[in-house]
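Everything below concerns the one structure shown next.
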Protein chains: 2
Amino acid sequence: MAKTIGVSRATVSRVINKVPTVDPVLRQTVERAIEATGYVPNQAARSLVTRRTDSVALVISEPEHRHFDDPFFGRVFTDPFFGRMVSGAMSVLRPLGIQLVLMLAENADARAKLMTYLRQGHVDGVIIDSTHLDDPLPQQIVELGLPIVLCGRPAKPYPISYVDVDHQSGARLAADHLVARGCQEVGTISGPLDMSAAQDRLTGFRAGMAQHGHAYIPCVEGNFTVESGERAMEQLLDEHPRLDGVFAANDLMAQGALTVLAARGRRVPQDVAVIGFDDSSAAVSSRPPLTTVRQPLEDMAAAMARNLMNHVEDAELRVSSHIFEPTLVIRESA
Amino acid sequence: MAKTIGVSRATVSRVINKVPTVDPVLRQTVERAIEATGYVPNQAARSLVTRRTDSVALVISEPEHRHFDDPFFGRVFTDPFFGRMVSGAMSVLRPLGIQLVLMLAENADARAKLMTYLRQGHVDGVIIDSTHLDDPLPQQIVELGLPIVLCGRPAKPYPISYVDVDHQSGARLAADHLVARGCQEVGTISGPLDMSAAQDRLTGFRAGMAQHGHAYIPCVEGNFTVESGERAMEQLLDEHPRLDGVFAANDLMAQGALTVLAARGRRVPQDVAVIGFDDSSAAVSSRPPLTTVRQPLEDMAAAMARNLMNHVEDAELRVSSHIFEPTLVIRESA
DNA sequence: TTGTATGCGTTATCAG
DNA sequence: CTGATAACGCATACAA
């Protein structure tokens, strides 16, 4: 404690916390002393009394069954989706001096550990990306009284703040583009249908195609991985050899579809047009580059962070949500 | 505090911290009470006295000048490299109940904030990936007295624990494979030569080729991005039209090279063989899939985490390092 | 405007 | 083996 100069620690505390009622001269002196001694307040002691930790958790809650071969970890962290989330959240959190703690909850055990961690008061709030419908985690966290913002609309409506993209409208964009191209027989590769986002994209796409007079749209369910995209594309092609357009519910699956189409000698987009969803980095690295529905993930994550911090500042704040509008990014695949 | 039952808080503390000297019967009672009330110790109060936070920082220290177009954030978090690091570190940290705090240091301002954060005692140690030679951060952190493990050999040798891969030997693997294929005129795309890893890969590759009698190996410097790989490949091709083999210092640049080769009508690997470095997800999603030097990043990150925790447990521990041996993963590009 | 005193929830020391 | 009691380092209500 920099009390080598004749001031009380209370004054030092006031200076550090920028309390206005401090004599400018004294403040100067203290600031100089702080500078000289390199003093920084101990975080543990501080948060013991302020009840704030200045850090929030970003939790990815995903059931492990969506993955087969390699360990769960590798998948989620390598997914471009993850990186964009972190990026967007950090852009608003960092200027505020708030730190981001990364957490995973892929099974019951991890969930239990996570809840304990949260109960310990390690973070001021949580941003959560929960991908399956019946995930108990978000509910548990609100019951805990911890501020929380969800990524994506909750399965069953209940009072929780969230931000999402309009999946249906995005899928419609894809449908419109495919018809405008003149596609006659189109199919779709959906995501796992226990996820509301996957459901919405499928619904939206079918609705969009229906508007243009295409009543029946064959669909094969994938699980958002490249491999599942390949398998789905094969099945689609086997059952509908004359297919000339495909909408995949994410870029990774679209990329898988591209591989299969190339292997079968179909030119993209001349023979078969392909549209993805997300506008992830996979979209630009695919050959050909993917036409895809862009989800403004960074903006969404930033909105989540902002919303969360509002709730942290004011515990009484009512829940609110923010729906972003997707856009179609036209590249070469359609 | 679960003192509704007639025990002192000291005893509760003992039970929670699994101190052996506690009457089994009493322990039962306490455990039951804990269970019933859902009590969890407050982390801030605990670490105020234990001086441990049970969390470590993963910091990515990268100069921003390596990136042009889009914000720095997006790049680093979307890079497969990052995901694999997180993944490996988490695999050892999580079972220990240690949390991972993500931090970025791309400029002086961010570095200052970072140092303040560390000084506040928010974490027990740091795993740092510092990509440029003259980064002051690692040094500053050791001076702070905080346990630290570096990813990659430090520029100038000084006492700090690190784990690395043998870049030279990896590059030699690539050289051997290229000549075994019968390549006559090969070039290389290096990483930014202010990074020791990039230097080592270039040195190792040239040494390997020299052993097979290839004295001169043309090199164009890239910056580890897809775009830079494209530009470098174009230049290489312009200056050496008869090139039939290329070693790129990472997969992303190799991917860029692939694009250019395809655009110029060169078949891979028949006309030009291409080898990358990393074995990132980009390697398998490229067309054709990349033959590449695999860096066991997950294992390396796990080793870093273990090493770090050793230093956290025992502050007197001497620094130590661990060099991993890379392997060649043969796919279709060479 | 500034200093004093108290409490935040644990763990650790030391008697008992 | 267990219970008081003293730190831990800060913020803050209250007094001056």
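The sequence lines fix the lettering, A, B, ..., with proteins before strands; numbering per chain opens at 1.
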Does a side-chain heavy-atom distance below 4.5 Å link B:Asn42 with A:Gln120? no
* Are B:Thr11 and D:dT2 close enough that a side-chain N or O sits under 4.0 Å from OP1 or OP2? -> no
Considering only heavy side-chain atoms of A:Ala10, the closest of D:dT12, C:dT10, C:dT2 is D:dT12
- NA contact type, B:Val40, heavy-atom cut-off 4.0 Å: base, sugar-phosphate, or nothing? sugar-phosphate
- Counting heavy atoms not belonging to B:Glu35, are there more than 12 under 6.0 Å from its CD? no
A:Arg27 atom CZ is separated from C:dT1 atom P, nearest whole Å, by 10 Å
One would report the end-axis bend of the helix from C:dT1-D:dA16 to C:dG16-D:dC1, five pairs per end and rounded to 10 degrees, as 40°
Check your understanding: OP1 or OP2 of D:dC8 sitting under 4.0 Å from any side-chain N/O of A:Asn42?
Key -> no
Atom CD1 of A:Ile16 and atom P of D:dG9 are separated, to the nearest Å, by 14 Å
From NZ of A:Lys18 across to P of D:dA11 the rounded distance in Å is 12 Å
Does B:Glu143 CD have over 12 foreign heavy atoms under 6.0 Å away? yes
Sorted by chain and number, sequence neighbours left out, salt bridge (charged side-chain N to carboxylate O under 4.0 Å, His left out) with A:Arg46 holds for none
Applied to residues 95-120 of chain B, the ring pair (Phe, Tyr, Trp, His ring centres under 6.0 Å) test, sequence neighbours excluded, yields B:Tyr117-B:His122
Whole-Å distance, B:Arg9 CZ to D:dT2 P, equals 17 Å
Residue pairs meeting side-chain hydrogen bond (donor to acceptor under 3.5 Å, both in side chains), one or both in residues 299-311 of chain A, sequence neighbours left out, come to A:Ser161-A:His311, A:Asn307-A:His311, A:Asn307-A:Ser320
Rounded to whole Å, the CZ-C1' distance (A:Arg46 to D:dC8) equals 16 Å
Contact check, residues 47-56 of chain B vs DNA chain D, heavy-atom distance under 4.0 Å, returns B:Leu48, B:Val49, B:Arg51
Hits for salt bridge (charged side-chain N to carboxylate O under 4.0 Å, His left out) against A:Glu31, two or more places apart or cross-chain, chain-then-number order -> none
Here the distance between atom P of D:dA11 and atom CD of B:Gln120, to the nearest Å, is 10 Å
Whole-Å distance, A:Asp23 CG to C:dG3 P, equals 10 Å
Treating A:Asp124 as the side-chain partner and A:Val56 as the backbone partner, does any N or O pair qualify as donor plus acceptor under 3.5 Å? no
Atom CD of B:Gln28 and atom P of D:dT2 are separated, to the nearest Å, by 13 Å
Of the listed C:dC14, C:dT1, C:dT10, the closest approach to the B:Arg14 side chain comes from C:dC14
Of all heavy-atom pairs linking B:Met85 and B:Ala301, the shortest is O-CB, 3.3 Å
